[in-house]
Every structure is written in structure tokens, then in C-alpha cells.
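Lettering follows sequence order; numbering is per chain, from 1. Not measured: the values here are computed from a predicted model.
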Amino acid sequence: MARILITSALPYINGVKHLGNLVGSMLPADLFARYMRARGHEVLFLCATDEHGTPAELAAAKAGLPVADYCAWMHGVQKRLGDGFGLSFDHFGRSSSPQNHRLTQHFAGRLAEAGLIEERSERQVYSPTDGRFLPDRYVEGTCPNCGYAHARGDQCENCTKQLDPTDLIDPRSAISGATDLEMRETKHLYLRQSAMQERLDAWLDGQTGWPVLTTSIARKWLHDGDGLRDRGITRDLDWGIPVRKGDADWPGMEGKVFYVWFDAPIEYIACGAEWAEAQGLDADAWQRWWRTDQGAGDVRYVQFMGKDNVPFHTLSFPATLMGSGEPWKLVDYIKSFNYLTYDGGQFSTSQGRGVFMDDALEILPADAWRWWLLSHAPETGDSEFTWEGFQTAVNKDLADVLGNFVSRVTKFCRTRFGEAVPGGGEWGPQEDALIAELQARLAAYAAHMDAIEVRKSAAELRAIWVAGNEYLQAAAPWAAFKEDPDRAAAIIRLSLNLIRLYAVLSAPFIPHTADALCAALQTDDRAWPDDVKTALTALPPGHGFSVPGNLFDKITDAQRIEWHDRFAGGRG
RNA sequence: GGGCCUGUAGCUCAAUUGGUUAGAGCAGAGCGCUCAUAACGCUUUGGUUGGGGGUUCGAGUCCCUCCGGGCCUACCA
């Protein structure tokens, strides 16, 4: 039994996440966590809301709530939606937790002692009307290069030229529209990542088998231009973790908070502390997962994230952990994803374009979404959601191939033998062939799941479902029943057991359906089938069952059209 | 501008990292079955692997070039 630590990128707090966010980190992480648990490994699966930063403050203001109240509310919303999708986090924490405050301040103190923090003075845009400093992209104005009127202070979206906010003509606050902007002197702390470049480079070189997407982004940042640059880790905001040097004040940093990207990854660890507290464990119980001097040496740590998160997880966070000089557990494997696009464009929160987690659960069961999203996970490139493709896949794979298999087997049995596993009859060559095929496919499925090859795993699982229909067609119990009822009983006995096998194997993808199948079969036996032949005898003759209702309703053309229009976005 | 990824059947994707005749699912066509959610099974049509050039006994895979799509480029997170 191995110990697997799994973290999903933290969903940002400023609203309900869309399906692209879900499939880019939380959902595949859940797939892997469920699979590893099913294989009997000890798993700690952590996630949390990422609650700090300017967008959180603005979202709170828009909602008319104090930012702390807003975050508490939205954390609850995201927690419920995660539960609705069956995300099996061992703990869903908050980056604003007291544990994260302490730990973030601790890391900053250690890094300072190690000489890896530098104080720098700089001039930034301040808006007296808004009463705050403005990040570059929150300053708007006319592009000096192309004349575009809504260029942002970091870059012009129209001509893509990189800008400095002072370059803009007629600059104004993107928040309030205020034009009385001024430049103010402010001091910030920088993490001296440049001093860590060689260690990070060597560490990355030592990793094998990581997705190209992960390593290419990391190497680009390490070797681009003058190499890895230092990064500011503080901000002039009210909401966040106050800058402190461990337990001590940090002279000159009063009123400032740590940058959200400094404290967010640390929340992975703090979330472990939150988990221990919530479980009523010893306060230090989390350390056996996170400290190599406290038993984490044999932990395999896997992170899941979208490609936009890669630099922080391959460089900044490892720099923080290494730089502390303490024996923290570093990530062993980073699984990164491309983007999911929506019907030819991007998901857009501001335009209401695309399907969000709350919408999704409102119109269809979670497993329909889980299956489509995972079987189309954007692993090698961006992948596109279309309603036509979604309808076809859900109807064909889930309703026809899997759902109908369960239906035809259980209903045939009920009609001919009653609602219990029938006895009598023997297995023959057809059963041997099926078992051999399943044993081979099971090995392929497990290999893909071990390698976190999500789409390939889904394809293999589907093939395992198909094998049941092929077998049933070849064995034809409805024909056998007329001549030799015992033979039909043997076929159906195996088929009912096959349903249990499908529930076990499919559970990481479609956990709710797996639960429904086990309930219908009146079994709690979820043991992973190392040997298929043995597994197909788990339900003995006489074992009762009930015919479940349709596992999946089909998506009608009318529904598809309605939803297509409803989520197309635009104003309204 | 620089960098990375990507282009394979009408559609969505594979192809053991240079090795026989490029494979699946969906869609299409034909046949079968009648247990089942008009479901299932079998057979089958469909490809100059974006274009061109090169290396090699051999290229979807490596190199050059052109064309198309996407992403990143460090103060959004």
C-alpha cells in the first residue's frame, strides 16, 4: 500500500467556476484520488478556495458584502457544488484559514533568514478615489501604439503591445473610472527566485515523465532572457495575510499583505492542518504527509492544474519550500491540462457564456458531466465542448452502452428467474473468452489510470462496457432459455456479476451511478478485481437484487437546442 | 517580436517514441437479433497523415520551409 498525496489547483473565490475550471484540475484529481483509494492505497486529497487578491475584493464590493463575509459565503457555495459533482476531497479548506496565516508568515520568516527576501522600493499607480493602489491591468486608457481606447496598463488587447501603465494616454481607474491617478512610492518584498535558479533547474532535470506542457513552460521561465526573475510577494491590499516575519513584526511592511500567489500554494500544506483539525486528529498529524522528517519520505505527491498555473507550481512554490531550508515534501508529478473551449469560443464569466457548475447540476446529473468532461479532458491540446458532441456521447456511452446493458440483464432475469441471482448451468468457452478479454482490458485500464492518462482510461472503460454487450449477443440467453434454462441461468449469473464489476471499475468516473448499481445489486463489495474470474462470482446464486430505474435518461434534441440557446451568452 | 503546443477519415481522437497493410468511437450504408432505454451485435464505405522539400533500407513520427489553429510572455489569478 502506497501513500498518495493529491492536490487540485485552488478554485478562485470570486464566483462559481465553469466546466473548464472543473475539468482542468478538480475533476481529474478526483478521478485519480478515487482510483487510488479503490486500489487500496492511502490517499489524502486536498483542495481549498483561493480567497485573496484584488478580484476577491472587487467581487465582494459588487455583491455589497464585506470581503470576509463574501468569501465565507462563496466558499460555502463552491463546497456544495463540489459535493454535487462528487468531488471526494478529504478536506476542502480556505486559503484565509488561521493555519495558512501562520504557515505563510512562517515561510516568509524562514526565507528572510535564508537571505532570499529582498526589500525593494518602487512607484505604482495609486487612485485616491478608490483609496487603493491599482494593479497594472486595472488601469485603463488609450494605447499609445494603436490608439485603442480600452487598453490595459499591462498590455493592449487590441495590438498586443506590452505596456506600462504610465504609457497610457488619459489613464483612468478600471474600477471607478477615476482619472485623478498618481504615482506613489511603496515598498515591497521580493522572493529572490534568481538565486534559486540552479537548484530549480537541477530539480526539474531530475523529474522524468512529466507532461511536455509542464516542463516546457517551466524551462521557458527558467531560461528566458536573463533567466528566472525575482517575484514580488507582497501587495498593498487590506484583505490577505498580513506581512510578518514568522511571529514577529516586519518593520516597514505595516498594512501590507502577502501576494495571493505566495500564500495560495502554501494553503496546500495548511489545508492538511485544517484537515487534521477537522478530523479531530493530533495537531501534527498532517506532518506525516508534508514533512520528510516526519514520515512523508514515502509519500507520492501529485498535483493537478491548468496550464496557466504551471509556473507557480514548478518554480515559485518549490523555491519557497526549498528556500525555507526545511524538509518539506516536494511534488513528484505535475499533471497539467490545456483549456476547454465552449462552442467555438472561450468560456466567459463576464458574458455568461458557457456552462457553469451550478447550471450543469441544475439540468443534468453530475455523472453525465463527469463522463463527458473526463473522456474529453484537454490533455494534448485544447478541447471543445459542443452540445451536439455532449448529447451524442452521453446518450451513446452512458445510456445505450452501459445503461441499457444493465437494463436488459436485470429485466431479463426478473422475467425468467425472478429478482435473485439464478443458480445452475456451467460456464463454457464463451465465458472463458470474455474473462480473458476483460482481464486484458482491465490491465490496460489500470495502466492508463496509473499513468493518469485520462482519455485513454475512459476509452478503455468504455470498451469494457461494450464487451458485456458483445458477450450477451453471442451467448443469447433469451434463445438458450427455450432449450436449456440452466445455460441461460449461467449466462445471466455472470452478467449480473458483470454489472457489479462495472460498478467497481466505473466508480472513479461515475461514482453516483456506481452507488446506484451497488444498491440495486444489494452489495457493498467494492473490492478491486485483481482476478476477473473470481470477481465474477462475488454475487452467489440466490443473492437478491432489484431492477434499477433507467440509469441515464437520454438528452433529447429539444433539450439540446434549449440549452444551446440558454448558455450562448450575450447580454441577458 | 520571442517561445511552446497543435494540424491524421465528414466529426472527436489513437498510433508501443523511426519499423509490416495508419487504427477506434460517432456519423453513413448493409445484415442480424428481439432480452433491453427504437437499445445491442456483425459487416462495410471513408485517408496523398495541412502543402512542399530533405535525411533514411524505411517517415504520421526526425530536419528545413510555407500555411492554418491555440497558448504563454512574469502586477488577473
Is there a side-chain contact (heavy atoms from CB on, under 4.5 Å) between A:Ile499 and A:Phe405 once you walk through the steps? CA-CA 8 Å; A:Ile499 294 173; A:Phe405 176 78; 3.9 Å; yes
Output the pairing pattern of RNA chain B as a dot-bracket string, 5' first, Watson-Crick or G-U wobble with both distances under 3.5 Å, | for cross-strand pairs, [ ] for crossing pairs. (((((((..((((.....[...)))).(((((.......))))).....(((((..]....))))))))))))....
Should we say atom CD of A:Glu119 is surrounded by more than 12 heavy atoms from elsewhere, each under 6.0 Å from it? yes
Would you say the side chain of A:Val406 lies within less than 4.5 Å of the side chain of A:Tyr502, judging by non-hydrogen atoms? no
Please determine whether the number of non-hydrogen atoms from other residues, nucleotides or ligands lying under 6.0 Å from atom CG of A:Asp205 exceeds 12. yes
Is B:rU17 in the syn range, within 90° of 0, or in the anti range? syn
Classify A:Phe552 by what it touches in the nucleic acid, base, sugar-phosphate, or nothing, heavy-atom distance under 4.0 Å. base
Side-chain donor/acceptor of A:Asp367 to backbone N/O of A:His512, under 3.5 Å: yes
Distances under 3.5 Å between nitrogen or oxygen atoms of protein and nucleotides 25-29 of chain B:
from: B:rG25; atom 1: O3'; to: A:Arg462; atom 2: NH2; distance (Å): 3.4

With a sphere of 6.0 Å drawn around NE2 of A:His150, does it hold more than 12 non-hydrogen atoms of other residues, nucleotides or ligands? no
Report yes or no: is the cationic atom of A:Lys307 (NZ for Lys, CZ for Arg) closer than 6.0 Å to the six-membered ring centre of A:Tyr339, at no more than 45° off its axis? yes
Scan residues 482-501 of chain A against RNA chain B and write down, sorted by residue number, each residue with any heavy atom closer than 4.0 Å; if none is found, say none. none
Report which part of the nucleic acid A:Val409 touches: base, sugar-phosphate, or nothing (heavy-atom distance under 4.0 Å, all strands). nothing
Span that lies between the P atom of B:rG60 and that of B:rA9, in whole angstrom: 14 Å
What are the atom names and distances for every N/O pair under 3.5 Å that joins the protein to nucleotides 10-17 of chain B?
from: B:rA14; atom 1: OP1; to: A:Thr380; atom 2: OG1; distance (Å): 3.0
from: B:rA14; atom 1: OP1; to: A:Arg455; atom 2: NH2; distance (Å): 2.5
from: B:rA15; atom 1: OP1; to: A:Lys456; atom 2: NZ; distance (Å): 2.9

For A:Ser173 and A:Ser127, which I'm curious about, is there any donor-acceptor pair between the side chains at under 3.5 Å? no
Interatomic distance, A:Phe481 CZ vs B:rC33 C1' [rounded to whole Å]: 18 Å
Rounded to whole angstroms, how far apart are CG on A:Asp400 and P on B:rU37? 12 Å
State the CZ-CG distance between A:Arg219 and A:Leu204, to the nearest 0.5 angstrom. 5.5 Å
Does A:Lys335 make a cation-pi contact with A:Phe337, if we ask for NZ or CZ under 6.0 Å from the ring centre and within 45° of the axis? yes
Spacing between A:Gln473 atom CD and B:rG41 atom C1', to the nearest angstrom: 4 Å
Parallel, tilted or perpendicular, judged at 30° and 60°: which one describes the rings of A:Trp369 and A:Phe390? parallel
Donor-acceptor pair between A:Glu437 and A:Tyr471 side chains, under 3.5 angstrom: no
What is the distance, rounded to the nearest whole Å, between atom OH of A:Tyr339 and atom C1' of B:rG69? 16 Å
Is any side-chain N or O of A:Asn404 under 3.5 Å from a base N or O of B:rA39, one able to act as donor and the other as acceptor? no
A:Arg455 bridged to A:Glu453 by N-O distance under 4.0 Å: no
Would you call A:Phe412 stacked on B:rC35, i.e. ring centres under 5.5 Å apart with the planes less than 30° off parallel? no
Quick test of your reading of the model: are A:Arg462 and A:Asp397 salt-bridged, counting only N-O distances below 4.0 Å? yes
Taking any heavy-atom pair under 4.0 Å as a contact, classify A:Leu551: base, sugar-phosphate, or nothing. base
Between A:Asn338 and A:Ser407, which has a closest nucleotide on RNA chain B that is more 5'? A:Asn338
Salt bridge (charged side-chain N to carboxylate O under 4.0 Å, His left out) contacts in which one or both residues fall within residues 50-61 of chain A, not counting sequence neighbours: A:Glu51-A:Arg94, A:Glu57-A:Arg132
Could you go over nucleotides 74-77 of chain B and give all protein N or O partners under 3.5 Å, atom names and distances?
from: B:rA74; atom 1: OP1; to: A:Gln162; atom 2: OE1; distance (Å): 3.4
from: B:rA74; atom 1: OP2; to: A:Gln162; atom 2: OE1; distance (Å): 3.4
from: B:rA74; atom 1: N7; to: A:Arg229; atom 2: NH2; distance (Å): 3.2
from: B:rA74; atom 1: N6; to: A:Trp221; atom 2: O; distance (Å): 3.2
from: B:rA74; atom 1: N1; to: A:Arg229; atom 2: N; distance (Å): 3.3
from: B:rC75; atom 1: OP2; to: A:Arg231; atom 2: NH1; distance (Å): 3.4
from: B:rC75; atom 1: O2'; to: A:Asp136; atom 2: OD2; distance (Å): 2.9
from: B:rC75; atom 1: O2; to: A:Asp136; atom 2: N; distance (Å): 3.4
from: B:rC75; atom 1: N3; to: A:Gln124; atom 2: NE2; distance (Å): 2.6
from: B:rC75; atom 1: N4; to: A:Glu122; atom 2: OE2; distance (Å): 3.2
from: B:rC75; atom 1: N4; to: A:Gln124; atom 2: NE2; distance (Å): 2.4
from: B:rC76; atom 1: OP2; to: A:Arg137; atom 2: NE; distance (Å): 2.6
from: B:rC76; atom 1: O4'; to: A:Arg137; atom 2: NE; distance (Å): 3.0
from: B:rA77; atom 1: OP2; to: A:Tyr259; atom 2: OH; distance (Å): 3.4
from: B:rA77; atom 1: O3'; to: A:Asp50; atom 2: OD2; distance (Å): 2.6
from: B:rA77; atom 1: N7; to: A:Trp261; atom 2: NE1; distance (Å): 3.2

